[in-house]
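Labels below follow one simple rule: chain letters A, B, ... track the order of the sequence lines, proteins then strands, and each chain is numbered from 1.
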Amino acid sequence: MTETVHKRPDLTVEMAGVTFKNPVMTASGTFGSGKEYGEYVDLNQLGAVVVKGVSLTPWKGNPTPRVAETYGGMLNAVGLQNPGVDAFIENDLPFLRQYDTRIIVNVSGKSIEEYCRVVEKLAVTEVDMLELNISCPNIKEGGITFGTDAKMAASVVKEAKKYASQPLMVKLSPNVTDITEIAKAVESEGADAVSLINTLLGMAIDIHHKKPLLGNIMGGLSGPAIKPVALRMVYQVCRTVNIPVVGMGGIISGEDAVEFILAGATGVAVGTANFMNPCATVEVLDGLESYMISQGFSSIEEVQEAMKI
Amino acid sequence: MTETVHKRPDLTVEMAGVTFKNPVMTASGTFGSGKEYGEYVDLNQLGAVVVKGVSLTPWKGNPTPRVAETYGGMLNAVGLQNPGVDAFIENDLPFLRQYDTRIIVNVSGKSIEEYCRVVEKLAVTEVDMLELNISCPNIKEGGITFGTDAKMAASVVKEAKKYASQPLMVKLSPNVTDITEIAKAVESEGADAVSLINTLLGMAIDIHHKKPLLGNIMGGLSGPAIKPVALRMVYQVCRTVNIPVVGMGGIISGEDAVEFILAGATGVAVGTANFMNPCATVEVLDGLESYMISQGFSSIEEVQEAMKI
Amino acid sequence: MKKMITTIVAEQAKIGENCWSIWLQAPGIADNVQPGQFVHVKLNQGEKLLPRPLSVSEADRERNALRLIYAVVGKGTKDLSRMKEGESLRILSPLGNGFEIDETASKSLIVGGGMGIPPLLELARRIPGKKEIYLGYSATPFLLEEFEKEDAQTHVSTDDGCYGYCGTVIERMNQDKALGDIIYSCGPRPMLKALSAWAKERKIPAQVSLEERMACGIGACLVCTCKIAMEKEDGWHHRRVCADGPVFWSREVVWND
Amino acid sequence: MKKMITTIVAEQAKIGENCWSIWLQAPGIADNVQPGQFVHVKLNQGEKLLPRPLSVSEADRERNALRLIYAVVGKGTKDLSRMKEGESLRILSPLGNGFEIDETASKSLIVGGGMGIPPLLELARRIPGKKEIYLGYSATPFLLEEFEKEDAQTHVSTDDGCYGYCGTVIERMNQDKALGDIIYSCGPRPMLKALSAWAKERKIPAQVSLEERMACGIGACLVCTCKIAMEKEDGWHHRRVCADGPVFWSREVVWND
Ligand SMILES: Cc1cc2nc3c(=O)[nH]c(=O)nc-3n(C[C@H](O)[C@H](O)[C@H](O)COP(=O)(O)OP(=O)(O)OC[C@H]3O[C@@H](n4cnc5c(N)ncnc54)[C@H](O)[C@@H]3O)c2cc1C
Ligand SMILES: Cc1cc2nc3c(=O)[nH]c(=O)nc-3n(C[C@H](O)[C@H](O)[C@H](O)COP(=O)(O)OP(=O)(O)OC[C@H]3O[C@@H](n4cnc5c(N)ncnc54)[C@H](O)[C@@H]3O)c2cc1C
Ligand SMILES: Cc1cc2nc3c(=O)[nH]c(=O)nc-3n(C[C@H](O)[C@H](O)[C@H](O)COP(=O)(O)O)c2cc1C
Ligand SMILES: Cc1cc2nc3c(=O)[nH]c(=O)nc-3n(C[C@H](O)[C@H](O)[C@H](O)COP(=O)(O)O)c2cc1C
Ligand code: FES
Ligand code: FES
């Protein structure tokens, strides 16, 4: 018998000219600005920290309750509460810069103008990539409207690109008839990558009080419950566009991450799983690496190309 | 202390002139033609048996594997295997007619012509209502195309109405940007009721064999995982159309059924839950009745109107 | 009316490498169970909705108990293996059509492979007359002691040669020049396919027990189909493994895919 | 690096009508826990993803154990109540900011209502000097014995009058003409709101422990916010109950909704 020597696989990935030490990122809005989880996870281990959505001015967000648990998932209606891009740059960015990880900033807006102004302010900072959130189901103006209409999506990307100095990733909404159409539209206007999925619009009712469980009535569904929908969309988009895809939606283990990479994703993001276990990101990373070792994969690209259809 | 005497609530509901003894139905495709579950459930207790989709000619359905379990849900890709409407009328209908329950037949087709021919054949039978399935994600032609395009949906309903002698319910797809638009389109062409949701298009990958878990690659996601999406859509549609709505998607308990009725549904259907427990339908019914008694509701209509927003 | 039966775990034991045995007890549970039938086991975990089909390996009417033998291959069987004596477990039982026992055969061949072997134990007991048993394992055998109690010759083969003949069960049968009037078989699909060809050559009718992923387990959902030959309709149609099977005549099964 | 702690259930007991007490054991678990802090309890059920926040009722450094007292109100607490001695349970601990103990107060008032009472037990122990404890229950009291061990007067009121004063805790305080330099309080929002007005009238600073549904429990997800007054920005902003609270000064809380 010969002994197989397992070389550590190469986990680095490249997207739009940016190199990430591994594909595992945090999903925007679930990881704050990294500080809180920094007590539980060595941020240096992550491929990237994707911070919560920032807007031009401070946003107060939605009334409470903002969360409701559902079967295998959760609804949230935070409504993009954030202190505004200036406060983010001043208070949160320096903290993150201490770590050897990529920083991706999630950008929110209620108008094309607002998106552009935020992108402009971030253009001069040490941020590695921007993620344009055109898919938040929790705010009425902007967000969702951009994400569910191919023309609107294309135009916000086109304008934002003019102000961006970093690569621009666009976060897509799953609440659409054909996600590939939106993906193609943003690609054609210069999006450098796409990330998906954002949350599915959902609802839960308190039958004792006979009213919605969320203050905002509806909210975004996330967690393992949505993984099959997320995986399907990532698979469809990967077969449609030529830019890299970051997949997310219900990833709680290394195996889940592998499914997304087999579907074609270059990066994967971990969201709701952080709430189940604050060390989820590194556990996903470890699981991914073990899988690659046991299957003899030496790079992420090999996994991406291994699917047999 | 005074003793409250609990009168048994009135569970009957009416839809399009048809009276149902209670709102609890079976979800098409999960209950066969009633025969198999008839050994586990007294079919006389159900509001209606909604049988599996029937088409003009026999359909073989998709290759196996046709099922994959997911977190809190399942994917199926049966592909509407059925022996055709003639065989259904000859072999299955007489069995069902023995019971004192409403019979709703789910109608599939790959063209408007096919839908119409099936409706025409059923027009002369003792079936109480038809459910036009314009939302099956598992067949390429027809089905899904009709369900995701308001114009197509409207035209199939318009034509089918010409041949129908029974009220026509239309089964809507959740894989759309705005389900209220489709609901309005079918209402305007004379749909007598709408039922929703059909399954969400999803996917799962076998990471050991590096291929999709389903023979058909993608399939329809059902079960408790999708309940928040289903409930949201039922709520939206109930606020948009004036025809009755049958709600379904992840109902596994009486409490779940109550949520859908509070959201505005007149009827509720139980699908995947049957696989978890063959007596699920009657358990949902019992739970609904207990809730009504404990909350002092005397009719389903009262529950429908009790939501405080 | 039938319903889910609540059973009590009477015994749980590891009987081989990744091979577990569980005895479930409930009144009347062992009545009318035919060899080749299966039960649908409901696990109590929220994440997993669907029951898991497992063949009945032994039915003990005196103790009102069923024995299931299973391999831990995923989350469901892992949970099952963690169940302890005295805990309760809900099942649907008995499901499917078992083997059709030919009482007139002068000699029966019983052929099993891997996790297809367990249901053949109850079958072996019930088959009258002369019988020969061929069991193929990938590695260390299990249930051998039980089979050897039967009044029949038991031939063992293993893929790695760690026990008995080194090779497939079919190779072993060829070596022995096995013959009989009828074959009863359960095992992985490639084995059944090869056996089907083997039987066809020798004109021996063979019953094979198939596996397919299931949801309802009772014939309503149509997810568990297999291709069965028929005269019209392109030569085959889909039949339900759970309700029309799991046992089919091998000559009727469309093997080529 | 912090992480989830695996604790062992050392004791589980029902201590009142729908009131349960559980002791969790793990090395170092009771170190540095402040009264008013909470733990986030991870249940092992697939259906339920989110941990459940429960206040620390007692912290025993010698036994390395924490005591949680809880009511069964839904699926999570139901599952918790089914856990048995020796089983393991994962938690995040300690979380949030506890009460700020004013060592200089000449007399402290401790006011609790319903399931807000448990965290006040450890608090009562740690407050130096004179103190009076007001506890309001809807019906049969729990934890009374423990409170009565403290060197303080304990006044009980119940909504149904089955024990002590019949009425709200505030009515009881009015009747007693209660006074003090500082108030520490935990209970349902309507009680805290009324108490806040009561304290304001009397110019007594009051700390209140708030509840809100949570996800992360550590300040990252922003689902657990409450409205806190501030000079600019329309007079209030959202702060996180889990990380900025759960204890706030009552005069800063925006109560009107
Ligand atoms: C009629 C019938 C009788 C069976 N009898 C036995 C038996 O006696 N002993 C035994 O060990 N196993 C038996 N099986 C297989 C058994 O049902 C599966 O191993 C089990 O369902 C896997 O569940 P899991 O949650 O552990 O695995 P999962 O996590 O669900 O899946 C793990 C692996 O098992 C495969 N699998 C899942 N479900 C099935 C299924 N229904 N049939 C075949 N493969 C499946 C999957 O493709 C996957 O590769 C039988 C199957 C059928 C259909
Ligand atoms: C900081 C903090 C400390 C707490 N300390 C205690 C304690 O010491 N003892 C105790 O019994 N309870 C305490 N609670 C409340 C406790 O967290 C909830 O009762 C519990 O999470 C309900 O879980 P469940 O799965 O049983 O109920 P679910 O099925 O989730 O919900 C049942 C009901 O409980 C309500 N609920 C759910 N989560 C919360 C929550 N986080 N806060 C308030 N209500 C909620 C829901 O609105 C619903 O009406 C505390 C809550 C917080 C925020
Ligand atoms: C509490 C919460 C807040 C979120 N906030 C944002 C956000 O600010 N911007 C954004 O693009 N996505 C946001 N999301 C969506 C997640 O980034 C992610 O797309 C989604 O939750 C699916 O992944 P998951 O199932 O792993 O959580 C949020 C999700 C949650 C649960
Ligand atoms: C195995 C299976 C087969 C189905 N077949 C049909 C069908 O023939 N026609 C149809 O309209 N819907 C069909 N559906 C969709 C269900 O009727 C229902 O809309 C969906 O499963 C959501 O409900 P549930 O979560 O309660 O299962 C099928 C669902 C499953 C799981
Ligand atoms: S599992 Fe449903 S028909 Fe066989
Ligand atoms: S629960 Fe996440 S911020 Fe408080």
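- Annotation: maximal heavy-atom pairing with chain B below 4.5 Å, among A/K227, A/M203, A/Q295, occurs at A/M203.
- Of the residues considered (B/I217, B/I252, B/L75), B/I217 shows the highest number of contacts with chain A, using heavy-atom pairs under 4.5 Å.
- Of residues 259-272 of chain A, those residues lying under 4.5 Å from chain B by any heavy-atom pair are A/E259, A/L262, A/A263.
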Legend entry - Verdict with reasoning, A/L11 to A/L288, per side-chain contact (heavy atoms from CB on, under 4.5 Å): CA-CA 9 Å; A/L11 286 161; A/L288 169 61; 4.2 Å; yes
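- The most heavy-atom pairs under 4.5 Å with chain B, out of A/M233, A/K211, A/H208, come from A/K211.
- With B/F297 as the partner, the side-chain contact (heavy atoms from CB on, under 4.5 Å) test is satisfied by one option alone out of B/E302, B/E289, B/Q304: B/E302.
- In this structure, chain B has heavy atoms under 4.5 Å from both the backbone and the side chain of A/I207.
- Partners of A/D178 according to the side-chain contact (heavy atoms from CB on, under 4.5 Å) rule, which considers only residues two or more places apart in sequence or in another chain, are A/T180, A/E181.
- No part of A/I226 comes within reach of chain B, as not one of its non-hydrogen atoms sits under 4.5 angstrom from that chain.
- Comparing B/P212, B/A230, B/G73 by heavy-atom pairs within less than 4.5 Å of chain A, the highest count is held by B/P212.
- Rounded to the nearest 0.5 angstrom, A/N133 CG and A/F146 CZ are separated by 11.0 Å.
- Between B/K171 and B/S135, the closest heavy-atom pair is O-OG, 2.9 Å.
- By number of non-hydrogen pairs under 4.5 angstrom with chain A, the leading residue of B/A225, B/P228, B/G202 is B/P228.
- Taking A/E189 as the reference, nothing meets the salt bridge (charged side-chain N to carboxylate O under 4.0 Å, His left out) condition, with sequence neighbours excluded.
- Partner B/V229 forms a side-chain contact (heavy atoms from CB on, under 4.5 Å) with one of A/T70, A/L201, A/L221 and no other, that one being A/L221.
- Remark: B/E69 engages C/R52 in a salt bridge (charged side-chain N to carboxylate O under 4.0 Å, His left out) (not counting sequence neighbours).
- Side chain of A/N62 to backbone of A/N216: no donor-acceptor contact under 3.5 angstrom is found.
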